Amino acid sequence: MAKKEALRELQSRLAERLQAARTQQRGSSWLAVEVAGRGILFPLKEAGEIFALAPLVPVPHTHRWFMGVANLRGHLHGVVDLAGFLGVKSGEAMPQQAQLVGFNQSLDLNCVLLVDRLAGLRGDDQLTREPDDGSPRPSFVGARYRDAGGRLWQELSLAALAGDEAFLKIVG
């Protein structure tokens with residue numbers, strides 16, 4: 001029970017910080033998450049509500065990364081396993097800290113992304129942009145950053161993902 005309360009408090013604090021960060025027009029701000037051991041940054045202005053895992057209704061004849069449909073606050077949302085979609089899924093069981101991250105309402109997509117763990121918020125002042133290595137990548141994959149501890153973070157644009165043809169074939 002204490003774990004659930006601590007999780008609710010964390011979600012509440014993150015939601016408050018997300019809202020505050022959205023209203024401030026400083027530099028870039030991101031929601032940091034972990035997916036299959038990788039650090040991912042979602043632009044705050046594109047991220048939506050964060051949900052605890054909910055019961056899923058599977059949808060037959062879809063990609064493995066489309067986990068099904070969940071009722072979240074009275075609305076149906078498609079649930080996408082982000083690690084599976086990105087092709088970095090490990091064979092490990094789903095972590096207890098797994099969460100669902102929604103798309104901002106302005107993107108008009110009733111879909112949430114399954115992530116392994118929330119890692120807080122990050123700002124320009126906490127990250128150093130890495131040089132572009134020139135390798136081809138999907139349009140939704142942005143710049144890479146390194147934090148003070150040396151950890152690499154990959155920016156992933158939710159707006160570009162919402163417009164990605166392969167993604168929309170399943171969730172759109």
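FYI, the numbering just counts along the sequence from 1. All figures in this text were calculated on a predicted structure; none of them were measured in a lab. Values below: all heavy atoms of this structure, side chains included; hydrogens, waters and symmetry mates excluded.
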Report task. Compare every heavy atom of F103 with every heavy atom of C111, then report the nearest pair and how far apart it is. Result -> O-CD1, 3.2 Å

Query raised in the report: So, for R151 and R38, which heavy atoms are closest and what is the spacing to 0.1 Å?
Result: NH2-C, 3.4 Å

Query raised in the report: Does the N104 side chain pair with the main chain of G48, one donor and one acceptor, at a distance under 3.5 Å?
Result: no

**Report entry** Test item: L82 and L114 side chains (from C-beta on) under 4.5 Å apart, heavy atoms
**Finding:** no

Query raised in the report: Got a sec, which residues hit ring-ring contact (aromatic ring centres under 6.0 Å, His included) with Y145, two or more places apart in sequence or on another chain?
Result: W30

Query - Exercise: identify the closest heavy-atom pair between D132 and G134 - result: OD1-N, 3.0 Å

Query raised in the report: Do E49 and R73 touch side chain to side chain, with heavy atoms closer than 4.5 Å?
Result: yes

Query raised in the report: Is the NZ or CZ atom of R144 both under 6.0 Å from the centre of the six-membered ring of W153 and within 45° of that ring's axis?
Result: no

Report task. Kindly give the heavy-atom pair with the smallest separation between L168 and L109, and that separation in Å. Result -> CD2-CD1, 4.2 Å

Report task. Please report the shortest heavy-atom distance between A143 and Q154, naming the atom on each side. Result -> O-NE2, 3.3 Å

Query raised in the report: Are side-chain heavy atoms of V112 and V101 found at a separation under 4.5 Å?
Result: no

Query raised in the report: Quick one: does L107's side chain get under 4.5 Å of L158's, heavy atoms only?
Result: yes

Report summary line: Here the salt bridge (charged side-chain N to carboxylate O under 4.0 Å, His left out) pairs for residues 95-117, sequence neighbours left out, are E34-R117

Show every donor-acceptor pair shorter than 3.5 Å between a side-chain atom in residues 56-71 and any protein atom, with sequence neighbours excluded, or say none if there are none.
residue : atom : partner : partner atom : Å
T62     : OG1  : V59     : O            : 3.1
N71     : OD1  : G74     : N            : 3.0
N71     : OD1  : H75     : N            : 3.4

Query raised in the report: Side chains of L127 and L41: closer than 4.5 Å at any heavy-atom pair?
Result: yes

Report summary line: Nearest heavy-atom approach of S157 to A160 is OG-N, 3.1 Å

Query raised in the report: Would you call the rings of F140 and F85 parallel, tilted or perpendicular if under 30° counts as parallel and over 60° as perpendicular?
Result: tilted

Query raised in the report: Is it the case that one hydrophobic cluster holds both V35 and L152, taking links as side-chain heavy atoms less than 4.5 Å apart, direct or via other members?
Result: no

Query raised in the report: Atom CD in Q99, atom CD1 in I50: separation rounded to 0.5 Å?
Result: 7.0 Å

Query raised in the report: Roughly how far, to the nearest 0.5 Å, is OG of S28 from CZ of R129?
Result: 9.0 Å

Requested in this report: List the steps, then state whether side chain to side chain contact (heavy atoms under 4.5 Å, CB included) holds for L156 with L161.
Outcome: CA-CA 8 Å; L156 195 146; L161 182 61; 4.0 Å; yes

Query raised in the report: Side chains of L100 and L53: does their closest heavy-atom pair fall under 4.5 Å?
Result: yes

Query raised in the report: Is there a side-chain contact between Q97 and L118, using heavy atoms and a 4.5 Å cut-off?
Result: no

Query - Expected output: side-chain E46 to main-chain P43 donor-acceptor under 3.5 Å - result: no

Query raised in the report: Is a donor on one side and an acceptor on the other found under 3.5 Å between the side chain of D147 and the backbone of G150?
Result: yes

